[in-house]
Every structure is written in structure tokens, then in C-alpha cells.
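Convention: sequence-line order gives letters A, B, ...; per-chain numbering from 1. Values reported hereafter were calculated over all heavy atoms of this structure, with side chains retained and with hydrogens, waters and symmetry mates removed.
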2 protein chains.
Amino acid sequence: MSTAWTALADPTRRTIVERLAARDHTAGELGAGLRISQPAVSKHLRVLREAELVTVEPLGQRRIYRLRPEALDEIDDWAREVRDFWRQRLDALDTEIARGRRDTHPAQPTERTDDEP
Amino acid sequence: MSTAWTALADPTRRTIVERLAARDHTAGELGAGLRISQPAVSKHLRVLREAELVTVEPLGQRRIYRLRPEALDEIDDWAREVRDFWRQRLDALDTEIARGRRDTHPAQPTERTDDEP
DNA sequence: TTAATCTATCACTTGCCAGTTATATAACTA
DNA sequence: TAGTTATATAACTGGCAAGTGATAGATTAA
């Protein structure tokens, strides 16, 4: 079972997700235009299913794939969190500067402390 | 050269980015607590550099790593775009429904059209 | 200078992943 | 019914990516 990150790391799967954002597609429709074999498409769809980025509904012999955009939350929640941390960091730095310290780099390998994060 | 997507697909590298969001770190600090060898850390940092997610500044024998949060744009621009498409799709569907059509599934494998996207 | 420290690179191994062909299963069509 | 179509799975291959230990290069400490 894969995560949204690993599922979306693959450009082919991102293409599939982009198409599904516009409308639902059958597996065959998704395969058309993707210069890879039908089984390869099927495997990409499996990965997207397991990452819960898409759902499937059988319609006769076809399978209708539909995007589940909530699954993208994992991605941009993370990105937002990282940015928030970054902003806090900047704010803290500004505060220190305002206080008149000249302690510019937060990195601060603190003289002789041995490598602890 | 790797993209932000492939760089962030790896959980170890996401951890590194999270730490760098809070403050700058030396390579050694980042390695501490990451139960992998020093060369492994160095390679992760190289990937992050090549994806331009981080910058480095030498300070004596150490290397100070700093996050470049702009590189995250690639990620959430994509996510936002996908969501926007999805929303347009929903809006279009609502419109059709408002018009009284009963043409529910946009997938529409249109009877006998052969697989074109 | 010599020794120790920090980081990167080299050479190599291993495991996973995307691709393939062949085949199975199910649902339509004639 | 038999034949075709749509999709998934099985079995395999090749390449790449992440791990390792060994080593190089540069800086700091003695």
C-alpha cells in the first residue's frame, strides 16, 4: 500500500490524476495517449487506488475511475505545515533582530555541542 | 537532476525538509537521529540540492543547509490546479443538472467511440 | 606538522518499481 | 453458442535509487 507521495512521484500517474480532475474516465480512456502498454496503465491505476487517490466503479465491462481530491490533502497539508514552520522561523529571527542581537544565523552550530539536532 | 516530486517522495528527505523549515542545520546535525550512514545522508542532501529545495553555505569545514521554500510551489501549485479543475468539473455538472439533463456521469464512454481521451 | 573532524564521492550491493508479454476473467455482441 | 472487448493479474526483466564501507579533501586543533 502506497502513500499519496509515492503515488504522485511518478509523472505518468500525475498525468492520470490531472485528467481525472477534469472528468471521470474509463481505464481504457486513460490508457489512450499514454504510450505504455495496457497492463502498465492497469498497474498505475492500482497504485492510485491503493493510495486512495481514485475510486473505481464498474460499468458493464468497463471501470470508471474517479478522482478523490481529499487525498491531495496529505500533500498540501504537509507543504503548508513546512511553510508555517518557515514563517515562524523568520518571525523569531525578526524578533531577535528587533531585540538588537547580532546572532544572525539560527543554524548556530553552538561551538562545541556534538551534533545533536 | 531530480524534481521536487521525486525528492520529496522519500520520507527521510521529507524529515530533513521539516527540520530545515524550523532552522538551518549543518549536514552533521541533519544526520544525527536519522539511523542511516553519513554517506547516505550526504546523498539525500545532494538530491535535495539538485531539486533546489535547499541551498548550502560552507562555514569552515561544515556545510550549512537552508530550506528554499519557493521550491515547494511546484508541489502545491500542481495540487491547487488539480483541485481547480475538479471544481470546474463540479460546477459544469451542476449547470447541466440545472438545465434538466439527466446526463449524470461526465465519463460518458459515448456508446461506440473508440477510446479517445 | 600531525592528528582529528566534517563532508562528499567512489565502488559496490540490493531491493523495488515501471515496463514488458502472456494469460485469466468478465461482460458485451453476433 | 462462439468471438470480441475491457480490464486485471502473473511472471519476468532492466534500471534506478538507497543503502553500505572505504577513501579523499578540506578545515580545525594540538
Side-chain angles (χ1 to χ4, degrees), chain A residues 1-17 20 24-51 54-66 107-117, chain B residues 1-16 20 24-51 54-66 105 107-117:
Chain A
M1 184 147 18
S2 63
T3 170
W5 279 110
T6 57
L8 294 175
D10 184 279
T12 299
R13 287 193 290 264
R14 287 202 297 278
T15 300
I16 292 175
V17 166
L20 290 176
D24 296 351
H25 285 265
T26 66
E29 288 172 336
L30 290 170
L34 281 188
R35 303 153 142 285
I36 55 179
S37 68
Q38 177 269 316
V41 176
S42 201
K43 288 211 297 187
H44 281 304
L45 292 174
R46 171 196 265 272
V47 172
L48 291 171
R49 264 184 275 130
E50 289 178 347
V54 302
T55 59
V56 208
E57 189 187 354
L59 177 68
Q61 53 186 156
R62 318 206 173 180
R63 303 294 173 105
I64 310 271
Y65 280 82
R66 172 170 301 175
Q108 255 328 62
T110 40
E111 290 309 326
R112 225 8 335 140
T113 323
D114 233 72
D115 261 0
E116 276 310 318
Chain B
M1 188 145 15
S2 63
T3 170
W5 280 110
T6 56
L8 294 175
D10 183 280
T12 299
R13 287 193 290 264
R14 286 201 299 278
T15 300
I16 291 175
L20 289 177
D24 296 351
H25 286 265
T26 66
E29 287 172 335
L30 291 170
L34 281 188
R35 302 154 143 284
I36 55 179
S37 68
Q38 178 268 317
V41 176
S42 201
K43 287 213 297 190
H44 281 304
L45 293 174
R46 172 197 264 271
V47 173
L48 290 171
R49 262 184 277 133
E50 288 178 347
V54 302
T55 58
V56 208
E57 189 187 353
L59 178 68
Q61 53 186 159
R62 319 204 171 179
R63 303 291 173 108
I64 309 271
Y65 279 83
R66 172 170 301 175
H105 283 300
Q108 252 333 58
T110 41
E111 289 311 325
R112 227 0 344 133
T113 324
D114 232 74
D115 259 2
E116 275 310 317

Whole angstroms only, please: what is the [atom1]-[atom2] distance between [X] and [N]?
| X | N | atom1 | atom2 | value |
| --- | --- | --- | --- | --- |
| B/E29 | C/dC6 | CD | P | 11 Å |
| B/E50 | D/dA17 | CD | C1' | 13 Å |
| A/E57 | D/dA8 | CD | P | 14 Å |
| A/L34 | C/dT20 | CG | P | 11 Å |
| B/I36 | C/dT7 | CD1 | C1' | 14 Å |
| B/D10 | C/dC16 | CG | C1' | 13 Å |
| B/R62 | C/dA4 | CZ | P | 18 Å |
| B/L8 | D/dA18 | CG | C1' | 16 Å |

Quiz item: B/Q61 side-chain donor-acceptor pair to C/dT5 base, under 3.5 Å: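 For B/Q61, whose side chain was compared with the base of C/dT5, there is a donor-acceptor pair (under 3.5 Å).
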
Smallest separation among heavy atoms of [X] and [Y], with atom names:
| X | Y | result |
| --- | --- | --- |
| B/L8 | A/W5 | CB-CZ3, 3.6 Å |
| A/Y65 | A/L20 | O-CD2, 3.4 Å |
| A/V41 | A/A27 | CG1-O, 4.2 Å |

Heavy-atom side-chain contact between B/I36 and B/H44 under 4.5 Å: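 The answer is yes; the side chains approach within 4.5 Å.
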
Looking at [X], I'd like to know whether one of its side-chain N or O atoms comes within less than 4.0 Å of OP1 or OP2 on [N].
| X | N | value |
| --- | --- | --- |
| B/R63 | C/dT7 | no |
| B/Y65 | C/dA8 | yes |
| B/S37 | D/dT20 | yes |
| B/R13 | D/dA18 | yes |

Toward the 5' end of DNA chain C, by each residue's nearest nucleotide, A/T6 or A/Q38: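 Taking each residue's closest nucleotide, the earlier one in sequence belongs to A/T6.
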
Reported CG-to-CG distance for the pair A/D10 and A/L48, which is rounded to 0.5 angstrom: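 Rounded to the nearest 0.5 Å, the CG-CG separation comes to 8.5 Å.
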
A/I16 and A/L34: CA distance, side-chain angles, deciding distance, side chain to side chain contact (heavy atoms under 4.5 Å, CB included) verdict: CA-CA 9 Å; A/I16 292 175; A/L34 281 188; 4.0 Å; yes

Stretch residues 39-46 of chain A: residues that reach within less than 4.0 Å of DNA chain C through a heavy atom: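 Those residues whose heavy atoms fall under 4.0 Å from DNA chain C, taken from residues 39-46 of chain A in numerical order, are A/P39, A/A40, A/K43, A/H44.
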
Which nucleotide in D/dA8, D/dA26, D/dT7 has an atom nearest any side-chain atom of A/R49: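 Among D/dA8, D/dA26, D/dT7, the one nearest the side chain of A/R49 is D/dA8.
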
Under 3.5 Å: donor-acceptor pair, side chain of A/R13, backbone of A/T6: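 Side chain of A/R13 to backbone of A/T6: a pair is present.
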
